Amino acid sequence: MLYQILSITLKDLKVLFKDRGGIVVLFLMPAMFILVMTNALGGVFDTGGSNNPTPLLVVNLDTGELAAEAIADLGTVDGLKIETSYDGETVTRELAEGLIRDGERRVAIVFPADFSSRILARATDPDAPAAVVAFIADPAAGAQFLGPVQGAVQGFILRTASYAQAPGQIGIAFEDMAAEADSQAAPFIAQIGEAFVERLENGDGLGGEVTESPVTFETVAPADFKVEQFPNAAQQNVPGYTLFGVFFIAQVLGISILREKQEGTFRRLLIAPVPRAALLIGKLLPYYLVNLIQVALMFAVGVIVFGMTLGNDWMALIVITLAASAASTGLGLLVASVGRTPEQIGGLSSLLVITLAALGGVMVPSFVMPPFMQTLSKISPHAWALAGYQDVIVRGLDTMAVMPEVGALLLFAAAFFGVAVWKFRFE
Amino acid sequence: MTNIVEVHDLRKQYGEFEAVKGLNFVINRGEIFGFLGPNGAGKTTTISMLSTLLPPTGGAATVCSFDLVRQPGEIKKRIGLVPQELALYPTLSARDNLEFFGSIYGLRGKELRERVNWTLELVGLADRAKDRIDQYSGGMKRRINIAAGLLHRPEILFLDEPTVGVDPQSRNHIFDNVERLNKEGLTILYTTHYMEEAERLCDRVAIVDQGRIIALDTPKALIDSLGGGIIHLGVNGKGEAVAEQARLLAAVKSIRRLDGMVEIETRRAQEALVGVLEVANRLDANVTSLEILKPNLETVFLHLTGKTLRD
């Protein structure tokens, strides 16, 4: 029986590798998706991170010093790249608008000439006009992109303004206190106020050791939650589109079985003294092996082309791959069992594979989906497999940690095989 | 002579439609047994049942002394099937195809190579063994199709319409192969709707129509049963009278009326023709058509069913 299984497997591998269309679907298609989508979506996944900061054009028309201080502060923000010149040319409002129009940049800020003077005037005169910083943005950039940039810029400018206004406002406060004090204390209070303002104006601060920021933030998950860490473009697209290709085996396998039936070779196999189990195993095994080769090759593309790391536990990746491949070949047999024409099999497999991939977070990451879609995605084996891969390569988890995903994939495989064998027509 | 196939009241029903309606026949070891009938007569269904592909819905059969329903595994080892369709992998070479089909019968190593070489020599395609099947002509594909059924030395070979769509050269090659294999002791069940093939190759022929065997004998006996042949005489108006008087002629075996026509089964065709035309002349009957059918299996089928094998 083993010899017959191997014979059928070897024959199917020969047939498969002589079918250029099949090879394109199974190997070239996911590889191209990985290359194109990872490059195309690199900006979406990585923008704002320290590895790929968002470029921010800055036009400084301020005749005072405050804009320069604010710009220097913005330059310390992780995820922002301040550009006061472009191609060796100082950025002007016209240049900034032109670059945004041309799609070269998406956002710019303009500090007006009276930026410093208005802020300082406002410190002592509440009725003085406020300084107006123009925020020029590509309308197509979207609130998800603009919101964080605008927030960071506003925060830093307001901090600069507050520091600048502090001496004036403190001087007024001391003057008010001196006016309300008795004649003996008033000169003394006024003297302290003047000294204090002078100290602030000299940049000596309020005393004590100056720190960068008295507050820092860290992102944590509840103790019983898995540590969430979001993938970059390669970590999303390499395992995602690898799985897309892996599950596309359903179409190739389905059509292969149908072709055997239509061309009569299945009749020859059925009248040979081969157990039906051996027939099915022999038929599925080559596609299972092809799945393993697909994953190895696509992950190699991820590592070599995009420098993707594979986490700390190879065994975890292997276990997920074995389980995902079982689910995909099971789906292929299911498609072959219910489809009666190449058109039916092509249509059904495309519908299933693309829908399950989309639902499973291959095309749109599940972390950006609304909650009900995230829940719905659990009916897709792609979702479990992708979560398993990302647990390993993004979050550094080990084999034991991905057992729930592996278990879910094996359940999918069992369900697909069960229905497929029940519906399969040995005729 | 022992029976290699025994069939008793074999039936196959698909829902309301009964494709095979109670067949009874035996195939002797070493003979070429023909199944002659038009498309849809139930030939392929019968072969599918005898080769264990389809379970019968009634009756019983043994193949190589094993029960069709209870011992399909034993039967599978001993039979070869050459299906009507080209059951080959078109992108693989002839040798790859044959090695694969041999291997699923458990052949391996030197024995497998020898059997593959033998079948390639037999069908005359040893020099094209490395070519892909989809580069072969239709006739060459048919020959490899036959070779694939012979690799494991079956005791009986089921050949299902092996010459459909084949050029004359390949057809003759196939005939030669069938005769040679039979001489070497292989029993063959040969289905066809070409009466010339059945006449040339078969020791006995079962004529099948609508799921039933309507005649079974040697080709010669079946043809002889028609005597001198059949005359179809179209007569305008006085058909009944012509038939009545022609029935009295010594050269006429039997007469029946068919849609505006008189069918005359003759003992001696020429003598009967002269007599029948004299009768028509004497009765002043208007003869509108005249057809003389030489006795052969086609004529036998026509006589038995009122239709041609290609209908």
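Below, read A as the first sequence line, B as the second, and so on, with proteins coming before strands; counting in each chain starts at 1. These numbers come from a predicted model, not from an experiment.
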Rounded distance (nearest 0.5 Å) linking atom [atom1] of [X] with atom [atom2] of [Y]:
X      : Y      : atom1 : atom2 : result
B:R128 : B:I133 : CZ    : CD1   : 9.5 Å
B:K141 : B:L125 : NZ    : CG    : 12.5 Å
A:F424 : A:F417 : CZ    : CZ    : 12.0 Å

- Task: Against chain B, label A:L10 side chain, backbone, both or neither, depending on which of its atoms sit under 4.5 Å from a heavy atom there.
- Result: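 A:L10 has no heavy atom closer than 4.5 Å to chain B.
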- Task: Verify side chain to side chain contact (heavy atoms under 4.5 Å, CB included) between A:F416 and A:T329, making sure each step is shown before the conclusion.
- Result: CA-CA 9 Å; A:F416 291 152; A:T329 44; over 6 Å; no
- Message: Cation-pi check for B:F100 against A:K11: NZ or CZ below 6.0 Å from the six-membered ring centre and within 45 degrees of the axis, yes or no?
- Response: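 Output yes; distance and angle both within limits.
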- Item | Interface residues of residues 251-266 of chain A facing chain B - heavy atom cut-off under 4.5 Å |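 From residues 251-266 of chain A, the residues near chain B are A:E260, A:E263, A:G264, A:T265.
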- Contacts with chain B made by residues 278-301 of chain A (heavy-atom distance under 4.5 Å), listed by residue number: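 Near chain B, by residue number: none.
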- Message: Quick test of your reading of the model: are B:R108 and B:E111 salt-bridged, counting only N-O distances below 4.0 Å?
- Response: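 Salt bridge between B:R108 and B:E111, a charged N being under 4.0 Å from a carboxylate O: no.
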- Item | Check: A:I8 and B:I104 side chains under 4.5 Å, non-hydrogen atoms |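 When only atoms from C-beta onward are counted, A:I8 and B:I104 do touch, with a gap below 4.5 Å.
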- How would you list, in number order, the residues of residues 48-72 of chain B that have a heavy atom less than 4.5 Å from chain A?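 The stretch touches chain A at B:S48, B:S51, B:L53.
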- Going by residue number, which parts of residues 145-155 of chain B are within reach of chain A, meaning a heavy-atom gap below 4.5 Å?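 Counting heavy atoms that sit under 4.5 Å from chain A, the residues of residues 145-155 of chain B involved are B:N145, B:A148, B:G149.
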